[in-house]
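Quick note: numbers below take in every heavy atom, side chains included, and nothing from hydrogens, waters or symmetry partners.
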Amino acid sequence: MAFGSLSDRLTETFRSLRSKGRLSSSDIDKTVREIRRALLDSDVALEVVKSFTQAVRERALGDDVNKALNPAQQVVSIVMEELEAILGGTGRGLTFSKTPPTVIMLAGLQGAGKTTLAGKLAKYLKSEGHTPVLVACDLQRPGAVDQLQIVGGQVEVPVFAPEPGSGVGDPVKVAKDSLRFATDKLHDVVIVDTAGRTGVDEDMMAQARAIRDAVTPDEVLFVLDAMIGQDAVHTARAFGDGVDFTGVVLTKLDGDQKGGAALSVKGITERDILFASTGEKLDDFEVFHPDRMAKRILDLGDVMTLIEQAQKAFDEESRAEMEQKFLTDTFTLDDFLDQLQQVKKMGSLQSMMGMLPGARGMKDQLDSVDESDIARNEAIIRSMTPIERRSPKLLNASRRKRIAMGSGVSVTEVNQLMARFEQAQKMMKTVAKGGVPQMPGMGPVGAGAGSGKSKRKGKTKKPKARSGNPATRAQQLQGGKPPEAPGSSFGLPS
């Protein structure tokens, strides 16, 4: 998880402050020292660390903290605001040309993930209503053109690749010709994938400058591998001087426990981070929000990003359709399978849980999340016949055994899936009707006050004294009411 070690260190530092009702200057100094060590250990550039800790110390020693009812919380708030500042403040989006096509040029070292990033960016822009085209200008690296064509096919975006590459072709001419191609084919965004090197050299910079001058891009995005640590500072400065990029895209952010590159690049280059690649899949790509990232680092969660992912995966029409199915008892295993696939679109279960506030405190639970559970459940459902999916009550022991063999799991796992499906049916039907769902082994959620007859603890109702009349006592022992006596005990009118 990105920023994992830094988040753990900062969370532990702030935990020691919460027990103090008032913070002295020595408390502040100790806290700032711990923050400084945590940042340096996370490969944050020294000059960024100095300016950050100085700003935190000055604000923490101010009157706002001294007069606060909760000084420790005030310090956390200051650190979060300063983290937002070094990550880019309010941030910004892509700059689009008033006259299409908008040209976006990608630059960076070889191995930073430019080609895959080009596909992710194209898919993102396509989802935003644009019609992008990918341009293969990396004609040096063997197989680079083929790789871009494969990525383009996966995201269903056309690739302009008139040259075979692998050392053959003029990348500057390809870049120029791509503008005419985009205009003729009505593509409003051109994404130019350029060549990289294993290290910074003048030949690479000269080619990048030539392509930049030929197409006059609206954005030059520097693709930075978040895992290179302190080298990020040197590489970012070299590309800033050589190509003069306009924005940054971080790749492999999911595999970086330290996060030093993300925290350094804005302060070093004065260029905003626009996007972040958070995984290997083409969907693992997100807009970079400095405020949300600061909250993730401080273990305050990123609920807004989680909501946005859910809204993309579950549209309003399908939600209303599911609600109707729950109300009418027509929710089938086919629908259950569809819901599992929608959850997969949201991304990694572990990363989604990591966006919840206090996720660092659930580290063991996060580590134990088995991403293969969804795939296993899909295999079980796909091993059923269409009739069995529509009518799960048909699943007797022999059918379940056949399904287990077909999906490569045990009968116990099939039974567990069916138990979860039935429980989901009951809970969602209750919710759809506006009721309160009953959690397994817990009773109705929120049941208690006002939900039924009150029961007083510690007081038991005394049993009624048995009657001395044999007939009446017999009625009491049988649980019935004794006959009302309109007259005397002998049944005669008084």
Asks: Could you state the interatomic distance from CD1 (I191) to CD1 (I104), rounded to the nearest 0.5 Å?
Replies: 5.5 Å
Asks: What heavy-atom pair brings V157 and P132 nearest, and what distance separates the two atoms?
Replies: CG1-O, 3.3 Å
Asks: Would you give the length of the straight line joining atom CG of L221 to atom CZ of R271, rounded to the nearest 0.5 angstrom?
Replies: 12.0 Å
Asks: Within a strict 4.5 Å, meaning less than it, do heavy atoms of the V249 and L117 side chains meet?
Replies: yes
Asks: Are K281 and D284 ion-paired here, with the side-chain N under 4.0 Å from a carboxylate O?
Replies: no
Asks: Run S277 and K252 through side-chain contact (heavy atoms from CB on, under 4.5 Å) and show every step you take.
Replies: CA-CA 6 Å; S277 175; K252 307 177 187 177; over 6 Å; no
Asks: Below 6.0 angstrom between ring centroids: does that apply to F96 and H130?
Replies: yes
Asks: Going by heavy atoms in the side chains, are F288 and L87 under 4.5 Å from each other?
Replies: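 Yes, side chains in contact.
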Asks: Find out whether L139 and V168 are in side-chain contact, i.e. whether some heavy atom of one side chain is under 4.5 Å from a heavy atom of the other.
Replies: no
Asks: Roughly how far apart are L125 CG and L121 CG, rounded to 0.5 Å?
Replies: 4.5 Å
Asks: Could you list all the salt bridge (Lys or Arg N to Asp or Glu O under 4.0 Å) pairs where at least one residue sits in residues 139-153, not counting sequence neighbours?
Replies: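 Every pair satisfying salt bridge (Lys or Arg N to Asp or Glu O under 4.0 Å) with a residue in residues 139-153: D138-R141.
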Asks: Can you tell which of T31, T13, I35 makes a side chain to side chain contact (heavy atoms under 4.5 Å, CB included) with V79?
Replies: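 So, applying the side chain to side chain contact (heavy atoms under 4.5 Å, CB included) to V79 and each of T31, T13, I35, only I35 qualifies.
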Asks: Closer than 3.5 angstrom, by distance alone: can the side chain of S391 be matched with the main-chain N or O of L394 as a donor-acceptor pair?
Replies: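 Answer holds: no.
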Asks: Find the distance between CZ (F181) and NE2 (H187) and round it off to the nearest 0.5 Å.
Replies: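 Nearest 0.5 Å value for the CZ-NE2 distance: 4.5 Å.
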Asks: Under the side-chain contact (heavy atoms from CB on, under 4.5 Å) criterion, do L282 and T116 qualify, and how do the steps go?
Replies: CA-CA 8 Å; L282 292 171; T116 304; 4.2 Å; yes
Asks: How long is the span from the CG atom in L134 to the CG atom in L148, to the nearest 0.5 Å?
Replies: 5.0 Å
Asks: Could you point out which residue of L10, L263, V48, L46 forms a side chain to side chain contact (heavy atoms under 4.5 Å, CB included) with L39?
Replies: L263
Asks: Sequence neighbours left out, what passes side-chain contact (heavy atoms from CB on, under 4.5 Å) with A419? Give chain and number order.
Replies: none
Asks: If I take atom CZ from residue R212 and atom CE from residue M205, how far apart are they, to the nearest 0.5 angstrom?
Replies: 11.0 Å
Asks: Please list, chain by chain and in numerical order, all residues satisfying side chain to side chain donor-acceptor pair (under 3.5 Å) with T246, sequence neighbours excluded.
Replies: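 Once residues adjacent in sequence are excluded, the partners of T246 under the side chain to side chain donor-acceptor pair (under 3.5 Å) criterion are E219.
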Asks: Under 4.5 Å between any side-chain heavy atoms of T95 and R92, yes or no?
Replies: yes
Asks: Go through the steps to decide whether E388 and I403 satisfy the test side-chain contact (heavy atoms from CB on, under 4.5 Å), and finish with yes or no.
Replies: CA-CA 10 Å; E388 289 170 341; I403 292 166; 3.9 Å; yes
Asks: If you measure only the distance, is there a donor-acceptor pair under 3.5 Å linking the side chains of T11 and D8?
Replies: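 Their side chains do not contain a donor-acceptor pair, so the 3.5 Å distance test is not met.
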Asks: Indicate yes or no: at least one non-hydrogen side-chain atom of D188 is less than 4.5 angstrom from one of T102.
Replies: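 Of all side-chain heavy-atom pairs linking T102 with D188, none is under 4.5 Å.
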Asks: Are any non-hydrogen side-chain atoms of K266 and I86 less than 4.5 angstrom apart?
Replies: no
Asks: Taking all heavy atoms of A112 and all of T251, pick out the closest pair and write down the distance.
Replies: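 Heavy-atom minimum between the residues: O-OG1, 2.6 Å.
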Asks: Determine whether a donor-acceptor pair (N or O, by modelled atom type, separation under 3.5 Å) exists between the side chain of Q207 and the backbone of M204.
Replies: no
Asks: Of all heavy-atom pairs between V145 and G165, which one has the smallest distance, and what is that distance?
Replies: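 Nearest pair, atom of V145 first, then G165: CG2-CA, 3.9 Å.
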Asks: So, for N415 and R400, which heavy atoms are closest and what is the spacing to 0.1 Å?
Replies: OD1-NH1, 2.8 Å
Asks: Please list, chain by chain and in numerical order, all residues satisfying side-chain contact (heavy atoms from CB on, under 4.5 Å) with S398, sequence neighbours excluded.
Replies: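 Applying side-chain contact (heavy atoms from CB on, under 4.5 Å) to S398 gives N396.
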Asks: Do R390 and D334 meet the salt-bridge criterion of a basic N to acidic O distance under 4.0 Å?
Replies: no
Asks: Given side chains that start at C-beta, do those of L186 and T131 come closer than 4.5 Å, heavy atoms only?
Replies: no
Asks: My understanding is that only residues two or more places apart in sequence, or in another chain, count here; which of them pass salt bridge (Lys or Arg N to Asp or Glu O under 4.0 Å) with E34?
Replies: R37
Asks: Are V409 and V414 close enough that some pair of their side-chain heavy atoms sits under 4.5 Å apart?
Replies: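 Yes, their side chains come closer than 4.5 Å.
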Asks: Taking all non-hydrogen atoms of both residues into account, name the closest pair between M384 and R402 and its distance.
Replies: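 Residues M384 and R402, closest heavy atoms: CA-NH2, 4.1 Å.
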Asks: Between K126 and E156, does at least one N-O distance fall below 4.0 Å, as a salt bridge requires?
Replies: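 Yes, this pair counts.
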Asks: Which residues pass the ring pair (Phe, Tyr, Trp, His ring centres under 6.0 Å) test with F275, sequence neighbours left out?
Replies: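 By the ring pair (Phe, Tyr, Trp, His ring centres under 6.0 Å) rule, F275 matches Y124, F285.
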Asks: Answer yes or no: does atom CD of Q154 have more than 12 heavy-atom neighbours from other residues, nucleotides or ligands under 6.0 Å?
Replies: yes
Asks: Passes side-chain contact (heavy atoms from CB on, under 4.5 Å), E286 versus T278? Steps please.
Replies: CA-CA 8 Å; E286 61 185 49; T278 56; 3.9 Å; yes
Asks: Between F239 and F222, is the ring centroid distance below 6.0 Å?
Replies: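 Yes: the rings meet the under 6.0 Å criterion.
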Asks: Would you call K123-D283 a salt bridge at under 4.0 Å N-O?
Replies: yes
Asks: If every non-hydrogen atom of F245 is compared with every non-hydrogen atom of G240, which pair is closest and at what distance?
Replies: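 Scanning both residues, the minimum pair turns out to be CE2-N, 3.4 Å.
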Asks: Looking only at side-chain N and O atoms, does T194 offer a donor or acceptor that is under 3.5 Å from a partner on K114?
Replies: no
